[in-house]
Amino acid sequence: MSRFHLRIASVPLALLLLVPAGFPVRFCPEAYAQDAPPALSPVNKRGETKAQKEKRMDWFDHAKLGIFIHWGIYAVDGVSESWSFHNKYLPYEQYMKQAAGFTAASYDPKAWVSLIKESGAQYTVITTKHHDGVALWDTRINDRSIPKMTPAGRDVLSPFVKEVKKAGLHTGLYFSLLDWSNPDYPVFTRTESRYSIKDDPARWDKFVQCNFTQLRELCSAYKPDLMWFDGDWEQTAEDWRADAVIDLLRSYNKNVIVNSRIQGYGDYSTPEQGVPVVRPSDRYWELCYTINDSWGFQHTDTNFKTPFMVLRTFVDCLSNGGNLLLDIGPREDGTIPEEEVAVLREMGRWIKKHREAVYQTRAGIPAEHFQGFSTLNEEGDILYLYLPYRPNGPIEVKGLMNKVNRVWVVGDGRMLNYKVYNKNYWSDIPGLLEIDLPDIALDPSITVIAVLLDSPVKLYRGEGQVITSN
Ligand code: JFZ
């Protein structure tokens with residue numbers, strides 16, 4: 001709606017025409033209806049209707065939290081996954097030698113899944129094969145796999161996926177399209193190339209067939225709900241045969257969801273450079289995020305965020321209508337760093353207490369209305385306010401046109417007192433909603449307040465012009 005489009009709040013147009021000239025009509029410069037969702041991604045190469053896509057995306061939309069797992073031979077020396085040899089921080093041979101130290105000696109896939117479940121996550125995405133080409137499962141295309149190259153000596157993917165499905169979580173598989181180890185892949189290190197696709201299309205074709213074989217292996221053995229591609233940036237959609245990749249996945253699961261890193265063939269966007277500052281325009285999005293600064297385990301990276309910090313980012317994602325895909329990097333023996341365990345446990349504690357303000361929510365009201373984060377229930381008549389701080393006085397909501405019917409503390413049930421200030425009976429410009437929040441109702445981390453409205457939320461979005469007609 002244009003800024004100059006005048007709308008008289010809650011007065012039907014027909015009635016307005018009956019208003020005699022000179023009658024003091026109160027104008028509301030822009031009544032903002034929050035219930036219009038942002039447009040779906042224009043890229044829908046599956047020929048689906050909006051409703052079909054919404055149905056397919058439904059579990060993802062409500063999942064809110066996923067756990068990402070980067071596990072591979074790079075955890076042995078704690079070097080950056082694949083990039084460390086590609087960027088020549090160490091020689092390729094030395095990188096691959098880490099395989100001899102990958103034991104999975106304390107690997108307990110049941111315990112991994114129970115921790116993931118405890119965190120409140122609804123899905124998990126595991127690196128089946130990173131850019132180094134080392135597969136976690138027993139692939140038949142080559143010997144670059146955990147079962148064939150390492151003392152672990154077994155497929156470590158299958159038992160994990162089995163537990164994931166048993167726990168009722170959605171299965172996500174990370175798969176790097178590029179494979180810097182494969183002798184038929186054109187790129188090796190950042191300065192060394194093996195050949196160029198246009199000079200040797202047959203060799204490229206050989207590589208592409210490897211990808212297809214591995215994708216078939218993954219689809220038939222693990223029936224993924226979500227494929228999380230990576231490494232697409234080095235080639236074009238045509239070179240990856242992106243449309244055929246999607247067709248292949250769909251032939252195993254027609255409802256499969258695909259992330260955005262397959263050259264425009266994905267279902268949702270992945271914000272770049274961290275937590276988005278402005279609400280992403282895509283209807284579906286997911287922030288992938290590390291707890292320290294590394295995806296895989298690195299002994300020297302102690303830059304862990306606290307459980308509170310991660311939780312605050314999670315709420316930030318919720319308030320902007322997206323998911324958080326939170327990464328853990330297990331050690332070579334399969335143990336998970338304590339700092340990461342602590343984060344997942346705290347997520348679980350908080351989500352369990354506040355579940356009504358997590359899974360069934362959508363993006364909240366624009367940030368100008370409230371000093372904190374917000375979401376709405378599906379009907380739009382419960383506004384959830386998230387406070388990652390301890391307020392020094394009543395908390396304030398500006399520009400709320402609805403009548404408030406009740407305010408309570410989520411996960412606690414306590415009713416809160418509230419008042420509306422500066423509401424003139426002759427104006428439709430709403431007053432300030434002030435809610436008292438006693439210390440006794442505070443969550444140790446992020447307190448959530450539910451505001452029940454008389455109807456779907458309506459916001460005043462004007463500049464508060466002088467009203468000349470009173
Ligand atoms: C990729 C990988 O290269 C990296 O090792 C890790 O697996 C990560 C999850 O994915 O790195 C990227 C690629 C793209 C973006 C961020 C990290 N991006 O678009 O913001």
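When a ligand or atom number is given, it counts from 1 through the structure's own listing order.
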Min over T290, D230, D132, L178 of heavy-atom distance to atom 2 (C) of ligand 1 lands on D230
- request: For the residue pair W350 and H354, categorise the inter-ring angle as parallel (less than 30°), tilted (30 to 60°) or perpendicular (more than 60°).
  value: tilted
- Query: N/O of W228 under 3.5 Å from N/O of ligand 1, yes or no?
  - Reply: no
Can you find an N or O of E81 that's nearer than 3.5 Å to an N or O of ligand 1?
yes
Task: R261, any N or O under 3.5 Å of ligand 1 N or O - done: yes
If we number the atoms of ligand 1 from 1 as shown, the ones under 4.0 Å from a heavy atom of H70 are 6 (C), 7 (O), 9 (C)
ring-ring contact (aromatic ring centres under 6.0 Å, His included) pairs touching residues 142-165, sequence neighbours excluded, are W112-F160
One finds that the ligand 1 atoms under 4.0 Å from a non-hydrogen atom of H131 are 2 (C), 3 (O)
Note to self: Hydrogens and angles aside, do W180 and E192 bring a side-chain donor and acceptor to less than 3.5 Å of each other?
What the structure shows: no
Would you call the rings of Y174 and H131 parallel, tilted or perpendicular, taking 30° and 60° as the class edges?
tilted
side-chain contact (heavy atoms from CB on, under 4.5 Å) filter on K353, not counting sequence neighbours, yields R349, D443
